[in-house]
Amino acid sequence: MLTTLHKQLLNDYQHDFPLSARPYQDIADALGVTEAEVLSAFTELNDNNFISRIGPVIPPNHIGVSALVAMSVPEQNLQAIADIISAYPEVNHNYEREHRLNLWFVVIASDAGHLHAVIDAIEQETSYKAMLLPMLDDFFIDLGFKLDLTND
Amino acid sequence: MIDAKDRQLLEHIQLGLPLCARPYLEIGLLCDMPETEVIERLTRLKQQGLIKRMGVIVKHRQLGYRANAMIVWNVPDNLIKQLGGHISRFSFVTLCYQRPRHPEWPYNLYCMIHGKNKATALNQLEQLVDACGLSGFDKEILFSNRCFKQRGAIYQKSTLALADG
């Protein structure tokens, strides 16, 4: 069960997390609880897999280059092919989507040469053709996501 | 601009801020940097937009947002900035990108909607289409199914070292 504190931490600290010597103390002061309570609530959110981490979101293509890649893989081979692709350290997201193009993954590399080398290696290893969709423009201003945490 | 020390710092912090009283001190110990310098550098990177946001990265699926729709449109290039800007203002939209068209894939505008279920996501999409005037453009909706891998963008050591170009 999510407590009020859990919900506040999830919704109010997706951006502008304090950049100060005692950030958890600052959060505690703002929410009227203790630093120990904030730390244990974050630990619980972590242990229950509700958050992946506290950290910076770096916009794509500022450090290295990235691309979305789509593949069309027969259903009976999908898990095996997905496993091969997930094993690449350059791949950070890998999803099945309900479409003829059913495998979608993101590759992050140091430069264009590295990116294409990874795609070539994946095509060779899987023997499926990859459609490369690099980002041209980012319209989104990431202010975090407003979660509705009421039970339904 | 990002210098070598910024990259070293990002390399250590991207895996997550430690849960302890002085987390920036801990990060500083890993990259041989005083706590104040860690904080100063992160503050500057954020001001420069090289850190888009600093905070809690939530896992939508685990928190009850089970429907993730990627919607792709084919819109005229001269309208894409305006439409992308409009789409991004909706709170349920979590990404909005322009990507190149392909011979067998004519779409150039991508957005992501996280909904509690498919019906809500489709409802939100309808709102978006109405409000942004998107009804005349070809689109496809791709719901996610299995998630094979999800983690933050891990910029490999080599990536960070080579990003100087």
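For clarity, every value in this text was computed on a predicted model and none was experimentally measured. Below, chains carry the letters A, B, ... as their sequence lines are ordered, and counting in each starts from 1.
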* Most heavy-atom pairs under 4.5 angstrom with chain A, which of Gly49(B), Cys96(B), Pro23(B)? -> Cys96(B)
* Does the pair Glu35(B)/Arg22(A) count as a salt bridge with the N-to-O cut at 4.0 Å? -> no
* Please state whether the side chain, the backbone, both or neither of Leu9(A) comes within less than 4.5 Å of a heavy atom of chain B. => backbone
* Asked: Where do Glu98(A) and Lys118(B) land on the side-chain contact (heavy atoms from CB on, under 4.5 Å) test, with the steps shown first?
  -> CA-CA 12 Å; Glu98(A) 296 169 0; Lys118(B) 279 190 182 183; 2.8 Å; yes
* Structure fact -> Contact list (residues 63-70 of chain B to chain A, heavy-atom gap under 4.5 Å, by number) returns Leu63(B), Tyr65(B), Asn68(B), Ala69(B), Met70(B)
* **Heavy-atom proximity to chain B below 4.5 Å, by part of Asn46(A)** => side chain
* Can any side-chain N or O of Ser144(B) pair as donor or acceptor with the backbone N or O of Arg97(A) at less than 3.5 Å? -> no
* Begin from the C-alpha positions of Ile54(A) and Leu19(B) and carry the test side-chain contact (heavy atoms from CB on, under 4.5 Å) through to its verdict. => CA-CA 9 Å; Ile54(A) 298 166; Leu19(B) 290 167; 4.1 Å; yes
* Where does Ser40(A) contact chain B at under 4.5 Å (heavy atoms): side chain, backbone, both or neither? -> neither
* To do: State yes or no: do Tyr95(A) and Leu142(B) share one hydrophobic cluster built from I, L, V, M, F, W and Y residues joined by side-chain heavy-atom distances below 4.5 Å, directly or via other members?
  => no
* Select one option (side chain, backbone, both, neither) describing which atoms of Cys111(B) are under 4.5 Å from chain A's heavy atoms. => neither
* Evaluation steps, side-chain contact (heavy atoms from CB on, under 4.5 Å), between Leu133(A) and Tyr97(B) -> CA-CA 11 Å; Leu133(A) 301 160; Tyr97(B) 291 151; over 6 Å; no
* To do: Take the angle between the ring planes of Trp104(A) and Trp105(B) and call it parallel below 30°, perpendicular above 60°, tilted in between.
  => tilted
* Asked: Pick from Leu25(B), Leu95(B), Leu42(B): which one has the most heavy-atom pairs with chain A under 4.5 Å?
  -> Leu95(B)
* Using non-hydrogen atoms and a 4.5 Å limit, figure out which bit of His60(B) sits close to chain A: side chain, backbone, both or neither. => side chain
* Asked: Do NZ/NE/NH1/NH2 and the carboxylate oxygens of Lys149(B) and Glu90(A) come within less than 4.0 Å?
  -> no
* Asked: What part of Tyr24(A) lies closer than 4.5 angstrom to a heavy atom of chain B: side chain, backbone, both or neither?
  -> side chain
* Ile57(B) and Val57(A): CA distance, side-chain angles, deciding distance, side-chain contact (heavy atoms from CB on, under 4.5 Å) verdict -> CA-CA 8 Å; Ile57(B) 319 279; Val57(A) 174; 3.4 Å; yes
* Measure the shortest side-chain to side-chain distance between His15(A) and Lys46(B) over non-hydrogen atoms and say whether it is less than 4.5 angstrom. => no
* Measure from the side-chain N and O atoms of Arg53(B) to the backbone N and O of Gln14(A), and report whether any donor-acceptor pair falls under 3.5 Å. => yes
* **Gln14(B) versus Arg53(A), side-chain donor and acceptor atoms under 3.5 Å** => no
* Going by an N to O cut-off under 4.0 Å, is there a salt bridge joining Asp138(A) and Arg99(B)? -> no
* To do: Report the option among Asp16(A), Leu10(A), Val106(A) that has the most heavy-atom pairs separated by less than 4.5 Å from atoms of chain B.
  => Asp16(A)
* Asked: At a heavy-atom separation under 4.5 Å, does Leu68(A) approach chain B through its side chain, its backbone, both, or neither?
  -> both
* Asked: What part of Phe143(B) lies closer than 4.5 angstrom to a heavy atom of chain A: side chain, backbone, both or neither?
  -> both
